[in-house]
2 protein chains.
Amino acid sequence: MSDKPVTIYDIAQLVNASAATVSRVLSNSNYPVSSEMSKKIKEAAKQLNYTPNMLGRQLKKNNSMSIGVIIPSISNPFYADVVLGIEEIARQSGYQVLLCNAHQNPKLEAEYLQTLLEKQVKGVIISSISQRRGWLKPYLNRGVSIISIDQRIESRQVVQIGFDYRHGAYLACSHLIQRGHRRIAFISAALNRSSRQHIHQGYQDAMQEAGITPLKAWIQISEDCEDTKYCSTFEFNNGKQLAHHLIAMPIQERPTAILSCNDLTAAGAIKELKEQGIDVPGQMSVIGFDNIELSEMLTPSLTTVNLPKYELGTLACRTLMNLLNGDHVGEREMMLPPEVIERDSVVTRLE
Amino acid sequence: MSDKPVTIYDIAQLVNASAATVSRVLSNSNYPVSSEMSKKIKEAAKQLNYTPNMLGRQLKKNNSMSIGVIIPSISNPFYADVVLGIEEIARQSGYQVLLCNAHQNPKLEAEYLQTLLEKQVKGVIISSISQRRGWLKPYLNRGVSIISIDQRIESRQVVQIGFDYRHGAYLACSHLIQRGHRRIAFISAALNRSSRQHIHQGYQDAMQEAGITPLKAWIQISEDCEDTKYCSTFEFNNGKQLAHHLIAMPIQERPTAILSCNDLTAAGAIKELKEQGIDVPGQMSVIGFDNIELSEMLTPSLTTVNLPKYELGTLACRTLMNLLNGDHVGEREMMLPPEVIERDSVVTRLE
DNA sequence: CTGAAAGCGCTAACAT
DNA sequence: ATGTTAGCGCTTTCAG
């Protein structure tokens, strides 16, 4: 237990070889080594219970074989799925993932990035809340590859991978319109992220295309509150509150359907509607956004817009690996297509 | 961008000092350095835009300042919360978290542990599915501190931190009994983990204490299927299926309440019951286990047993930090207390 | 095919 | 208070 750890020198000594040769064998270099020497070394390594110290290799090669993943919070199931995808590809590629929960805090984001740099991480996947233009510049200048997921970052130098939120919302809203709805509400927390802005835009586009001018009161967007920690409960309660505003409207103006900026908010809305004795989808249809696992567990199960989260993770990580290998990366900007998942919370409205 | 990275030598040169002095200043060692020298060095570091290369320090000190966290899957919200707690403490202590999703695969678990060792990780928090006695021995022998969370591991050398599942289930079942229920079902996936076994035991204990002998058919435990990837949907569908069996029983034998081994399964049960026209909690009360965020979003919101997951994470990581610092760690085995959270899925049964 | 030697960036005796 | 020196464990020229 308190023995000195065994190194390639110990092995070299045991088989009367040099450390160089041992290194060549044990690091799977393609440098020629006689097969008998190679065999002896491998046996000795096993016998001595050798474990390579990667810090040595990594210092030499200046490559830590780790990537950083900076997200708001892993307790958000959305990111949990993305990270699962990232980690899977990373592992397959021999990389490890350093997980950083930045809690929507720009200072923490910067702190993490610094730490990752110091740990000689050469690639970072980030879903940053910071919109401040150029803030990644100093890191990029140090040769770190950065991939921004889900949230846009103003920079030509970072690869952006996300979802086409606008189109997703457009699809969702069109779905409602096709089912005979015209008074369609949009509910969301503050539009302080590009994703939410795009969802809002998609809603507007679909409405306009259908020739519907939404009433002000149909568009319920809550105040921007700078709560530092992410929390599902916030979105949920927000949905409850916004739905409450909606049903306070006079019946002839009241919407017959709600498009929510995410599933959590939709869940809150449904809960509130039911508590207020409004049947979903009988009296009010609800469509969500994200397709987290929750959505099929609700009653009624939630019609929503699927975002391929795991696939976002794998694509981001694959792209990062290409970048690190110096392979050519085609697009600097990629969008994964959303898709409406029909379940039970939307009903066709008979005129 | 392709410049050589700046090292302490560059700084030393600039201020006419030795690398040693620079190191002493920049690594916050408490070794005495004149304040003017110190100031010059700090300024030079800033001017040169110096970023320390931790690989150098870590190789020297043989400490990677990373810990490993091995869990079945981060997409399980239970573990997401735990990991959030772990990461928070790790960050505060200057450590980073390497995340490993082992997908209930013993081979992957071992592979990860090996990689972590090679990366010179000195502490690992693991929720292992492997029950094979002594399998951690080789790692422990290399001086790695291991903390086992949530799942028991047969070893005197690893600190165990978990929940008192038995007591939690006992509380839950007693809660139902106190509310007049006597025909109480227990539903669960296969009892292939100690947590589930203990929950089952708690159920039995509470029933026995109340003088109730459960019918065989009340205890619905599904087959052990070796599905490699964890998936919420599995637990959910399992709940649906098991609930289905329950309501197939003749009405006079049919349970009036269900104790579920986790919230996901409870959610499935509730869904199935509602689909079959059985009112929850009017005709059937349901109590869950875990208190994941989903539970308050369901309708009816789920009465369940809270497990302090985030706290488990922080406690585990704090304990690990103590271990790594060589501080004395009191208990080798800790249990966090569960607690019944009353919501709307349990009703008092009037005889 | 194999080995000697230098060095990745940093720290820590041990001098001075 | 500062400098010199010798590594940490590994890879990689360069010579043989």
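Naming: A, B, ... by sequence-line order, numbering from 1 per chain.
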note = Heavy-atom nearest nucleotide on DNA chain D taken for A:Leu26 and for B:Ser38; more 5' hit belongs to B:Ser38

Residue whose closest nucleotide on DNA chain D lies nearer the 5' end, B:Pro32 versus A:Ser27 = B:Pro32

query = Can you find an N or O donor on one side and an acceptor on the other, under 3.5 Å apart, linking the side chain of A:Tyr31 with the base of D:dT13?
reply = no

ask   = How many angstroms lie between OG in A:Ser64 and CD in A:Gln96, if you round to the nearest 0.5 Å?
value = 10.5 Å

Between the side chains of [X] and [Y], does any donor sit under 3.5 Å from an acceptor?
| X | Y | result |
| --- | --- | --- |
| A:Ser38 | A:Ser35 | no |
| A:Arg142 | B:Asn49 | yes |
| A:Ser127 | A:Tyr79 | yes |
| A:Arg57 | A:Ser27 | no |

Whole angstroms only, please: what is the [atom1]-[atom2] distance between [X] and [N]?
| X | N | atom1 | atom2 | result |
| --- | --- | --- | --- | --- |
| B:Gln58 | C:dC10 | CD | P | 11 Å |
| B:Lys40 | D:dA1 | NZ | P | 16 Å |
| A:Lys4 | D:dG7 | NZ | P | 13 Å |
| A:Lys60 | D:dG9 | NZ | P | 16 Å |
| B:Tyr9 | D:dT4 | OH | P | 10 Å |
| B:Leu117 | D:dG9 | CG | P | 15 Å |
| A:Ile8 | D:dT11 | CD1 | C1' | 8 Å |
| A:Asn53 | C:dC8 | CG | P | 18 Å |

ask   = For D:dT2, does OP1 or OP2 lie under 4.0 Å from any side-chain N or O of B:Ser34?
value = yes

query = Counting only side-chain N and O atoms of A:Arg57, is one of them less than 4.0 Å from OP1 or OP2 of D:dG9?
reply = no

query = What heavy-atom pair brings B:Ser128 and B:Trp135 nearest, and what distance separates the two atoms?
reply = OG-CZ2, 3.5 Å

Sugar-phosphate, base or nothing in reach of [X], heavy atoms under 4.0 Å:
| X | answer |
| --- | --- |
| A:Leu59 | base |
| B:Met54 | nothing |
| A:Ser29 | nothing |

task = Using a cut-off of strictly less than 4.0 Å between a heavy atom of the residue and any atom of DNA chain D, enumerate the qualifying residues of residues 13-25 of chain A by number.
result = A:Ala20, A:Ser23, A:Arg24

query = Of all residues at least two apart in sequence or in a different chain, which pass the side chain to side chain contact (heavy atoms under 4.5 Å, CB included) check with B:Leu14?
reply = B:Ala44, B:Gln47, B:Leu48

